[in-house]
Protein chains: 2
Amino acid sequence: MSEADRPGARRPGGRTARTRAAVVRATLDELAERGFTDMTVEGVAARSGVHRTTVYRRWGGVPELVADALGAAADDDWRPADTGDVEEDLRRIALDVVHGFTTAPDRAVPAAAISAAFHADRAAEALRGFFAERHRRCAEVVARGVERGQLPVGTDPAEVVRTAVAPIYYRLFVSREPVDAGTAARAAAAAVAAARAGALPAQG
Amino acid sequence: MSEADRPGARRPGGRTARTRAAVVRATLDELAERGFTDMTVEGVAARSGVHRTTVYRRWGGVPELVADALGAAADDDWRPADTGDVEEDLRRIALDVVHGFTTAPDRAVPAAAISAAFHADRAAEALRGFFAERHRRCAEVVARGVERGQLPVGTDPAEVVRTAVAPIYYRLFVSREPVDAGTAARAAAAAVAAARAGALPAQG
DNA sequence: AGACTAACGCGACTGGAGTGGCCTTAGCGG
DNA sequence: CCGCTAAGGCCACTCCAGTCGCGTTAGTCT
């Protein structure tokens, strides 16, 4: 559900949608090439063929551009794998996170989104929405685990997901320590162990 | 071990140290008053009575100022409590984190440090050093728990600490969800449960 | 005490971010 | 097919972050 697709928008298709697409694409490219800190509205405008003023009017600044790009990137059909084992499913989710921030071609985008959320409320809201949706999708993995009897009834699905990925983000952006596949596996194992022990109940 | 105290520094005491102290103090004040995003070198210079040029020369920019302020703030004598129970000790550590980012008078400082690390390598290094030291101090809590037989031998102390605090940082700065005392208690309980299950071994 | 030099103060300058007014274009309606 | 209006283009302007060169001050060392 992007801005230009909204039913209430005055000019749903046509020029408005084209400029937005061009700017979003340019934002992603600039982000990958120069990074969030060195990125500039001027550069995005030049690359997209849209005038600076238009970008300032419709978005407002770099953090908002990143927020919109995140929203566009979130409109994917990503789904967690279903291997039949909760811990394996969670490990794959955690591995996706590690790859998304270390080896993925557009790895600068999610990091920039987290950084942008410090600078603009709109970016923070976009981030909140993005992760709410991710938690929703990943919760199915935990729900399946409960159905299979691998996790106790009453386990909070989203909390298990948070526990499984939080250490990765913590190392990446807080303690600034290296992350690898082992980090992901360990975090997933810890989340499952905690859930099995009943330490992650709903409504806690 | 701050810059001005270093044995190799050319001018250990005197004007250099005074300027640095004034600038660090001004940085903390500006941070609390205007926040990281709206903070400016101009403001810090004016408040400290030091010229803009000097600040640019010795630090380089806002992120470096924040990094130095973090370094100064890290020179405290904070120690985790010793209640005789690992989970209670960890819960108190987690509670300190929650308070430090939500209700503490200088709560803007640590958040700014995390944000600054996205913008300057020097800030990222300062952050890394800060958390390495924190992990070191908090590891004692886990070590005591192992000695008491509350946690299995071979548990990785730092990893338990990371697991206990990571969900808080995750909610604060990644998923942008609210945090409270319950968040801290839950995270500490999950960390202990995972450690008890042997999911957080050393050298993993 | 006096020279030496690192560090600071100062003002001028540059470049780019961000804004406002005005005109043009393109999509939508009748 | 033709007006209507939202959105974009264009240009000029302001303002502030950051830099440079030079003069001055204050520790340090003999």
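Lettering of chains follows the sequences in order, A, B, ..., and the numbering in each one begins at 1.
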**Request:** Would you confirm whether B:R91, through its side chain, and B:V86, through its main-chain N or O, come within 3.5 Å as a donor-acceptor pair?
**Result:** no
**Asked** Taking atom C1' of C:dA26 as reference, at what distance in whole Å does atom NE2 of A:H51 sit?
**Response** 18 Å
List the atom pairs, donor and acceptor, that lie under 3.5 Å between side-chain atoms in residues 170-179 of chain A and the rest of the protein, sequence neighbours left out.
from	atom 1	to	atom 2	distance (Å)
A:Y170	OH	B:H135	NE2	2.7
A:R171	NE	A:P178	O	3.4
A:R171	NH1	B:E159	OE1	3.1
A:S175	OG	A:E177	OE1	2.6
A:E177	OE1	B:R162	NE	2.9
A:E177	OE2	B:R162	NE	3.4
A:E177	OE2	B:R162	NH2	2.7

**Request:** Whole angstrom is fine here: how far is it from CZ in B:R18 over to P in D:dT25?
**Result:** 15 Å
**Fill in**
Picking from C:dA7, D:dA17, D:dG9, the nucleotide nearest the side-chain atoms of B:E42 would be D:dA17
**Asked** Who passes side-chain contact (heavy atoms from CB on, under 4.5 Å) against B:A123, sequence neighbours left out?
**Response** B:A67, B:A116, B:A120
**Prompt:** Under 6.0 Å from the six-membered ring centre of A:W78 and within 45° of its axis: does the NZ or CZ of A:R134 meet both?
**Reply:** yes
**Item:** N-O pairing of A:E33 and A:R47 below 4.0 Å
**Value:** yes
**Asked** Distance-only, no hydrogens or angles: does the B:T37 side chain make a donor-acceptor pair with backbone N or O of A:F118 under 3.5 Å?
**Response** yes
**Fill in**
Closest of D:dG9, D:dG8, D:dA17 to the A:R15 side chain is D:dG8
**Request:** Take the protein atom CD of B:E64 and the nucleotide atom C1' of D:dG18, then report the distance between them rounded to whole Å.
**Result:** 13 Å
**Request:** Look at the side chain of A:T40 and decide which nucleotide, out of D:dA12, C:dA17, C:dA7, has an atom nearest to it.
**Result:** C:dA17
**Prompt:** Rounded to whole angstrom units, what separation is found between the CH2 atom of A:W59 and the C1' atom of D:dA7?
**Reply:** 11 Å
**Asked** B:R57 CZ to D:dG23 P: how many Å, rounded?
**Response** 14 Å
**Prompt:** Just checking B:G49: base, sugar-phosphate only, or nothing, at a heavy-atom cut-off of under 4.0 Å?
**Reply:** sugar-phosphate
**Asked** For C:dC8, does OP1 or OP2 lie under 4.0 Å from any side-chain N or O of B:R58?
**Response** yes
**Asked** For C:dC8, does either OP1 or OP2 sit under 4.0 Å from a side-chain N or O belonging to B:T19?
**Response** yes
**Item:** Atom pair distance, as rounded to whole Å: CZ in A:R52 and C1' in D:dT14
**Value:** 13 Å
**Asked** A:V50 side chain: which of C:dC10, D:dG9, D:dA7 is closest?
**Response** D:dG9
**Asked** Starting at CE of A:M39 and ending at P of C:dG18, how long is that distance when rounded to a whole Å?
**Response** 11 Å
**Item:** Closest to side chain of A:T54, choosing from D:dA7, C:dC8, D:dG9
**Value:** D:dG9
**Five-pair end axes of the helix from C:dA1-D:dT30 to C:dG30-D:dC1, angle between them (10°)** = 30°
**Asked** Which nucleotide in the set D:dG9, C:dC10, C:dC8 lies at the smallest distance from any side-chain heavy atom of B:T53?
**Response** C:dC10
**Prompt:** With a 4.0 Å cut-off, would you call B:D68 and B:R122 a salt bridge?
**Reply:** no
**Request:** Could you tell me the separation between the OH atom of A:Y56 and the C1' atom of C:dG21, rounded to a whole number of Å?
**Result:** 18 Å
